[in-house]
Amino acid sequence: MKGYAHVYDRKHINTDEIIPARYLNMDKEADLAKHAMEDLDGDFINKVKQGDFIVAGEDFGCGSSREHAVWALRGSGIKAVIADTFARIFYRNCINNGFLAIESKDISKKVRTGDELEIALESGTLKNLTNGEEYTFLPIPAFARKIILAGGLINYIKNEAK
Amino acid sequence: MGSTITEKILAGHCGKESIKPGSLINADIDLIMCHDITTTPAIDMLAANGMNKVFDPEKIVVMPDHFVPNKDIKSAELVKKIRLWAKEQGITKFYDIGNHGVCHALLPEQGYVKPGMTIICGDSHTCTHGALGAFSTGIGSTDLAAALYTGQLWFKVPETILIKLDGRLQKGTYSKDVILDIISKIGVDGALYKAMEFTGELIDDLSVESRMTICNMAIEAGGKSGIISPDQKTIDYVKERTDEEFEIIKSDDDAVYERIIEIDVSNLEPIIAFPHLPGNGKPISKVGNIKIDQAYLGSCTNGRIEDLRVAASIMNGKKVADGTRMIVVPATTEIWKQANKEGLLDIFMEAGAAVSTPTCGACLGGHMGVLAAGERCISSTNRNFVGRMGSPESEVYLSSPATVASSAIEGKIADPRKYLI
């Protein structure tokens, strides 16, 4: 999977910044996507292209449990978030949606906005095609992988029931 | 080798004798709470997948609270959808306007929370209920849908951090100051993925409501849950509210902890968390002159009756400063009625504050007190992220209810201790 990086080199980017609560009177991905990252980067929605990645610092997605944060990002075109570390509920929500959340130490210091990255899930490596560097990431736990491959938790439960 | 309360509760809910941190389990869920923000997506997911019946309507409690009374047409539609769904599913524990309240205040108040339970809600502050010795954690809408349908949910058993709180609080400092101090010490991700277990002399001293304030903010340190082993106070609180039986589960003396943090609260001052993180706490003596536009008293953290009593005792006969506005939001209908009976609401209104009906409201920038650009608010709530209570250019300072009250009187962040004799 290849994509271009939008780097936010900051810790504790919270779900209020990813999708402000004033938009939680809506629950459809397309509506939420228009306001993705609005309170952190008002221009994000104009810059993001289908298939791009977000690269961020530690504790990405902390705060509220709103899954709207995952939907807003996915709806905006983002295919994966790569962060130094993730907050717990956001990480769960990513797995449950079959959305890639990849943890790679200090990644926010190594990648620049506009770099083209390639994620190789099997080998657990991340290639920076722009500068030729290669990084490793924590393997996605087997159970989480099963959910992601099923296309999310609801599909997984349906498959299990069969 | 012993087990923590969290390990014991989770083991008991997946049919095991004992369980180690790091294990992946599918746990039975005893209680699911649903509110207006995160439930409608779950309803849609269930409908789209032909999952037409919830696993057990008796184990589900529904309480719209975030944008109620409906703040606009869109939120009215969300609440309407939940109301119809609950009826269709035969869920009778529905707290509509007139019986409404902020979910984490209402759930224990109405006797649903019992020691030893597993509880989930699509809300990060679900960790509150650990104050009664339950495993209680916040999840998203997909998790909610899965649990509503199957009655189970996957968890990685968390390691536990034991926080041992000794000493006695001085006058004018409260459990809110303690938890703001803890988060400032360990950081907003200091307990990432972990259970935070609180114990010690201070916990023994605190009321069950004050303990809720501490567990409520476990998520602000990144914790999966906050928990306190039940004692006689817990048992009395629960028995006053329900006749249902429950099991008392406590941590073993030789339980294994990821780490143990010892804090003596004897010299703790009132703490103010500066924008824009709950971990930016400073003692009041180091705060300086910070003018405020709004003082907000309410929320699942500090909108309970004891919070209103403390604030009213400070504001009795005083006035909110010129140029400052104060908003008081009792967290539940019962709390509102009790505060009214005790004359607390009169005290607030005589002081020039506005008293609202229960709602999450402005705590998350919804309605009933949203901030404009450049405005500052001192708030008894739990989060002060950028834009949390309104404009991304506004500022939120977190404190105890007492500090909210003293600050309202002075129009700037003020030490409550001089008002308490």
Side-chain angles (χ1 to χ4, degrees), chain A residues 11-18 20-29 31-32 38-40 42 57-71 84-99 141-144 146-147 152-158 160-161, chain B residues 24 36-38 40-42 44-46 48-51 66-67 71-78 121-126 137-146 149-150 154 156 158 187-189 192-194 219-220 222-224 276-277 279 364-366 370 383 385-388 390 392:
Chain A
K11 291 178 183 179
H12 316 305
I13 292 172
N14 59 72
T15 52
D16 276 281
E17 291 171 292
I18 300 169
R22 57 185 175 273
Y23 302 118
L24 298 185
N25 55 3
M26 304 182 287
D27 60 7
K28 298 287 173 282
E29 195 158 310
D31 295 329
L32 296 166
E38 191 171 287
D39 283 358
L40 179 66
E58 290 171 16
D59 196 28
F60 186 84
C62 64
S64 154
S65 70
R66 62 188 73 155
E67 204 162 312
H68 308 61
V70 178
W71 303 326
D84 295 2
T85 57
F86 286 94
R88 184 191 70 82
I89 307 177
F90 181 85
Y91 188 69
R92 260 190 100 91
N93 288 341
C94 288
I95 293 170
N96 286 341
N97 275 276
F99 182 78
F143 176 69
K146 274 194 222 164
I147 294 175
L153 182 63
I154 299 295
N155 283 340
Y156 176 79
I157 289 170
K158 274 168 73 177
E160 287 288 291
Chain B
L24 272 165
D36 48 335
I37 304 294
T38 52
T40 50
D44 288 343
M45 284 175 212
L46 294 173
N49 287 283
M51 297 168 165
H66 279 63
F67 294 157
K71 79 163 179 133
D72 56 17
I73 296 170
K74 285 175 180 165
S75 49
E77 295 293 345
L78 296 183
C121 171
D123 190 286
S124 60
H125 293 110
T126 308
T137 191
I139 42 92
S141 298
T142 302
D143 277 324
L144 179 62
Y149 183 64
T150 64
W154 67 272
K156 191 163 108 181
V188 294
D189 56 358
L192 202 57
Y193 295 91
K194 311 276 197 283
I219 181 67
E220 309 313 334
K224 181 175 200 141
H276 293 284
L277 283 176
L364 78 163
V370 171
R383 279 192 184 129
F385 297 152
V386 170
R388 174 70 182 180

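Everything quoted here is computed from the prediction, not taken from an experiment. In what follows, chains carry the letters A, B, and so on, assigned in the order in which the sequence lines appear, proteins first and then strands, with residues in each chain numbered from 1.
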Against chain A, work out which of B:G365, B:S124, B:G223, B:G387 has the most heavy-atom pairs shorter than 4.5 Å and name it.
B:S124

Just by distance, do the side chain of A:S65 and the backbone of B:G140 share a donor-acceptor pair under 3.5 Å?
no

Closest non-hydrogen atom pair between A:D39 and B:P392, with its separation:
OD1-CG, 3.4 Å

Quick one: pull up CG in B:D189 and CG in A:D84 and give me the separation to the nearest 0.5 Å.
10.5 Å

Contact winner vs chain A - B:D36, B:L46, B:V188, B:V370, heavy-atom pairs under 4.5 Å:
B:V188

When only pairs under 4.5 Å are counted, which of A:A161, A:G63, A:A87 shares the most heavy-atom pairs with chain B?
A:G63

Under 4.5 Å from any heavy atom of chain A, what part of B:F67 do you find: side chain, backbone, both or neither?
side chain

Under 3.5 Å, is there a donor on one side chain and an acceptor on the other for A:S64 and B:R383?
no

Under a 4.5 Å heavy-atom cut-off, does chain B meet the side chain of A:F86, its backbone, both or neither?
both

Chain A heavy atoms under 4.5 Å from B:L364: which part of the residue, side chain, backbone, both or neither?
both

Cut-off 4.5 Å, heavy atoms of chain B, and the answer for A:I13 is neither

May I have the step-by-step check of salt bridge (Lys or Arg N to Asp or Glu O under 4.0 Å) for B:D72 and A:R22, ending in yes or no?
CA-CA 11 Å; B:D72 56 17; A:R22 57 185 175 273; over 6 Å; no

Could you check whether any side-chain heavy atom of B:Y193 comes within less than 4.5 Å of a side-chain heavy atom of A:T85, counting everything from C-beta outward?
no

Among B:D143, B:I37, B:D123, which residue has the highest count of heavy-atom pairs closer than 4.5 Å to chain A?
B:D143

Closest approach of A:I89 and B:G138, non-hydrogen atoms and distance?
CD1-O, 3.5 Å

Residue A:N96 versus chain B: region with a heavy atom under 4.5 Å:
both

Measure B:I219 against the heavy atoms of chain A and call it side chain, backbone, both or neither at under 4.5 Å.
side chain

A side-chain contact here means heavy atoms from C-beta on lying under 4.5 Å apart; do A:I154 and B:T142 qualify?
yes

Supply the atom-to-atom distance B:K71 NZ to A:N25 CG, rounded to the nearest 0.5 angstrom.
5.0 Å

Quick check for you: to the nearest 0.5 Å, what is the distance between A:L153 atom CG and B:Y149 atom OH?
12.5 Å

Flag the pair B:W154 / A:R92 as yes when at least one side-chain heavy-atom distance between them is below 4.5 Å, and no otherwise.
yes

Hey, does A:H12 have a side-chain heavy atom less than 4.5 Å from the side chain of B:H276?
no

So which of A:I157, A:L40, A:N14 has the biggest tally of heavy-atom pairs under 4.5 Å with chain B?
A:N14

With rounding to the nearest 0.5 angstrom, report the CE to CG distance, A:M26 to B:L78.
10.0 Å

Hey, could you give me the CE/CG distance between B:M45 and A:N97, rounded to the nearest 0.5 Å?
6.5 Å

Contacting region of B:L192 [heavy-atom separation from chain A under 4.5 Å]:
side chain

Got B:D44 and A:K28 here, is their nearest side-chain heavy-atom distance under 4.5 Å?
yes

Of A:E58, A:R66, A:R88, the largest count of non-hydrogen pairs under 4.5 angstrom with chain B goes to A:R88

Just wondering, are more than 12 heavy atoms of other shown residues or ligands nearer than 6.0 Å to NZ in B:K74?
no

Heavy-atom pair of closest approach, residues B:N49 and A:N155
OD1-OD1, 4.2 Å

Pick one of side chain, backbone, both or neither for B:S141, based on which atoms fall under 4.5 Å of a heavy atom in chain A.
both

